[in-house]
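Contents: one structure, followed by commentary.
It should be emphasised that the depicted structure is a prediction, and the values quoted were computed from it without experimental measurement. Whatever order the structure lists ligands and atoms in, that order sets their numbers, starting from 1. As a basis for the values below, the full set of heavy atoms in this structure was taken, side chains included, without hydrogen atoms, waters or symmetry mates.
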Amino acid sequence: MIVLDRQRGLFTLHTRSTTYQMKVDDRGVLLHTYYGGRVDGADLSYLIREADRGFSPNPGEAGHCRTYSLDTLPQEYSTCGVGDFRLPSLELVHADGSRVADLRCVGCELREGKYALEGLPAFHGAGGETLAVFLRDETARVEVELLYGVFEEYDLITRAARIVNRGESAVRLCRAASLCLDLPRGDLDLITFDGRHVMERCPARAALRPGVQSVGSVRGTSSHQHNPFVVLCESDAGEDHGLCWGAMLLYSGNFEAAAERSQFERSRLVMGIHPYHFCYTLAPGEGFTTPEAAMVCSASGFARMSQLFHRAIRERLLRDNRPGRKPVLVNSWEATYFDFDEEKLLALARASAPLGVELFVLDDGWFGTRNNDRGGLGDWWVNREKLPGGLGSLARAVNALGMEFGLWIEPEMVSEDSRLYREHPDWVLCAPGRAYTRGRSQLVLDFTRREVRDDIYGALGQVLSGANITYLKWDMNRSLSEVWSAALPPERQGEVFHRYVLGVYDMLERFRRDYPHILIEGCSGGGGRFDGGMLYYTPQIWCSDNTDAVDRLRIQYGTSFCYPACTMGAHVSAVPNETNRRVTPLETRGVVAMSGVLGYEMDLTRITGEEGRAIAGQIRRYKACWDLVAEGDYYRLSSPFDGGPYTAWAHVARDRRRALVSVVTGATFAAPPFMALRLKGLDPALRYRVNGEAAYSGAALMAAGYPLPMPQGDYQSLQLLLEAE
Ligand code: GLA
């Protein structure tokens, strides 16, 4: 619910349990007054205080009033050059070289339904409301429209800003954040989700220190290294208690999330496109729209915050053209790498179908001269030496086994050893007169250019029309360098990073529109582009190239703080694991992968009969419980990072009548203690049968716990299906 009190200049956004408020002060500056647990009918600006503070200057019209300074006031969208020295949200360079943005509120508008952003991902759907607040820099005649979307039932508030140049000369935009959040206390912790290739999204938590702490990406993708999702929280906040604010950016390119603890013990969080190499020229009349940011505030800890994000993402962000359970897949990559022919693939398919696998995915190596990762990208036609019958006949054979057929693609890239590169060497991102920096021996196509996108789209269209393909794995395997486009003038080169992302979104949208029957899974060397932007186009993303079950516990745990299990591609692979050589039991690999979109990525032609029966059993179990994984509430019961003897988590049905609890123990040790696992989210008044056997009350299972068996051997697992009697 949005409450507008125009007379007092008070704008209040209420969700079911939270309130967000801003107020226009006497000078027209838009101040942030509150974001926290729900408060009805109050003007919370009484909390804002003014004082004469040294070196906090006073704007011109304040005259000699020394107590009014933007340096000390909580800003709704911070600016630059007018006396607020904290993190700016907006930085403008005017035609005369000055860098001042003095924004005053000139109006607001309540709109029915949630706003959409052209060419950009955004939360959507019925029931939303929009508040637009208009700010204006009168001297430059630059307008900023702050957009707010309110999704009450998810306690979710979305934000974006549109900046329009209404003046007569060009303005350069050097920073345009999506979110600015000024909180009235400095004693908060910041949690970021960091890592590297094959070890993504590990949480890192630290108290805010005075000054700025930031994470971000300048790689052209949201990156393996830092995720565009962060949490600010009270220093004692935990899974079930404490105030926390989660903020995600729906963007798949360079981003920055910066938190500042300022001199007077306030915190400011600013999130948006990274200002590195960002400079957008706004000619008179032109506008720029920031990506969307979304916030959830929870007064009862991280579990609730995550559950709210999960529900909102599932129901209001994913545009799932194939709702329901995702097919259990087998992926050829770790089974064959580049070394395959039709017979080898069909042998894998024949071994997979009887186990209950529903989708056969042909990964890298099927096109052009792609026999290793040094050539072939860009030549999107089938390699007839490997597949003489083409994809059509392979897909038919796979379909005849009762499985769907899917394909790996990497449309944004080109190899120098390819026909595409030989014909269009000027289609890559490169800096004039300089050597290329190669990544995985490949170059990046200039997706800012329509003709480049059209060519790739056309070639892939031919592939899709020649075979019954119902799934695509859209990969992206390097970071961007020498970011320069031959299609833009020098003064617009600071737009290339962003235009590249817009180009990727445009391509994905065309695929979605023209091939609505195709499920697209996102991928960037695993989880290098696992963000809310991609999820708008690809409802599942390959979580990590690391398929080791024990490392995956950490990766999936970190990922779960924002993203729901139904978005995480998770596969069972062979042991020793190809990433870290660890050996884990097949059952444990299954338990971990079942907590995402289950798949198998191993040579199923070489498994024993016993392993085959175990895999068939896993797939049956997954199919029986997928609704819990896909739609249930997620509880982290312990952390794989705290060094405890086990990691446990649960998916609990919304009506609390069923739950799937998973436990994985660590490396074994002698004489382990007796352990009981306390569950969460159950109905205390119900009695639950555990794996069809003994029944316990929800109250007992939550307060006293369930006795865990003594682990025998490394990395054992246990899965409990709880069903109310
Ligand atoms: C990336 C992906 C892998 C696989 C390879 C193929 O690394 O993340 O899953 O598809 O590319 O080259």
Side-chain angles (χ1 to χ4, degrees), residues 195-201 219-225 252 329-340 344-345 348 359-380 382-383 386 405-415 417-418 438-444 460 463 469 471-480 504 519-531 534 538 540-548 551-552 555-556 559 567-574 577-580 589 593 596-603:
R196 51 200 181 273
H197 177 229
V198 300
M199 208 63 225
E200 298 91 339
R201 292 176 297 286
R219 295 169 176 271
T221 55
S222 47
S223 89
H224 300 85
Q225 286 73 14
S252 311
L329 64 83
V330 63
N331 179 297
S332 66
W333 181 241
E334 289 191 27
T336 67
Y337 295 102
F338 292 106
D339 178 22
F340 59 81
K344 201 164 173 184
L345 295 176
L348 179 60
L359 165 66
F360 180 89
V361 179
L362 172 53
D363 208 276
D364 198 355
W366 59 267
F367 52 90
T369 52
R370 183 77 166 167
N371 296 316
N372 53 52
D373 63 10
R374 286 184 300 281
L377 288 171
D379 291 346
W380 299 112
V382 71
N383 179 324
K386 288 181 186 173
F405 180 70
L407 204 59
W408 178 97
I409 56 173
E410 193 175 357
E412 299 156 64
M413 297 293 153
V414 66
S415 308
D417 181 12
S418 69
R438 296 183 184 87
R440 207 192 187 199
S441 301
Q442 62 198 49
L443 305 178
V444 184
L460 287 169
V463 173
I469 294 167
Y471 163 104
L472 286 174
K473 176 176 169 188
W474 181 301
D475 210 340
M476 196 288 189
N477 277 312
R478 62 159 291 179
S479 305
L480 273 50
V504 173
L519 166 67
I520 308 180
E521 175 159 357
C523 177
S524 175
R529 207 160 55 177
F530 202 118
D531 57 67
M534 285 305 284
T538 67
Q540 67 192 55
I541 298 179
W542 181 222
C543 204
S544 176
D545 275 350
N546 186 343
T547 49
D548 168 58
D551 283 351
R552 270 292 181 126
I555 297 167
Q556 293 175 196
T559 307
T567 63
M568 301 183 210
H571 298 174
V572 173
S573 64
N577 181 269
E578 75 131 36
T579 311
N580 62 11
R589 283 174 270 154
V597 185
L598 177 65
Y600 289 80
E601 188 160 341
M602 58 198 284
D603 189 350

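Protein residues with a heavy atom under 4.0 Å from ligand 1 are W333, D363, D364, W408, R440, K473, D475, N477, C523, G525, G526, W542, D545.
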Legend entry - Test side-chain hydrogen bond (donor to acceptor under 3.5 Å, both in side chains) applied to S441 and R374, step by step: CA-CA 5 Å; S441 301; R374 286 184 300 281; 5.6 Å; no
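Annotation: side chain of Y471 is not in contact with side chain of W408 (no heavy-atom distance under 4.5 Å).
When the salt bridge (Lys or Arg N to Asp or Glu O under 4.0 Å) test is applied to D417, the partners found at least two apart in sequence or on another chain are R422. When the salt bridge (Lys or Arg N to Asp or Glu O under 4.0 Å) test is applied to D548, the partners found at least two apart in sequence or on another chain are R582. Every ring pair (Phe, Tyr, Trp, His ring centres under 6.0 Å) that W366 has, sequence neighbours left out, goes to W380.
Of the possible donor and acceptor atoms, none in the side chain of K473 sits under 3.5 Å from a partner among the backbone N and O of W542.
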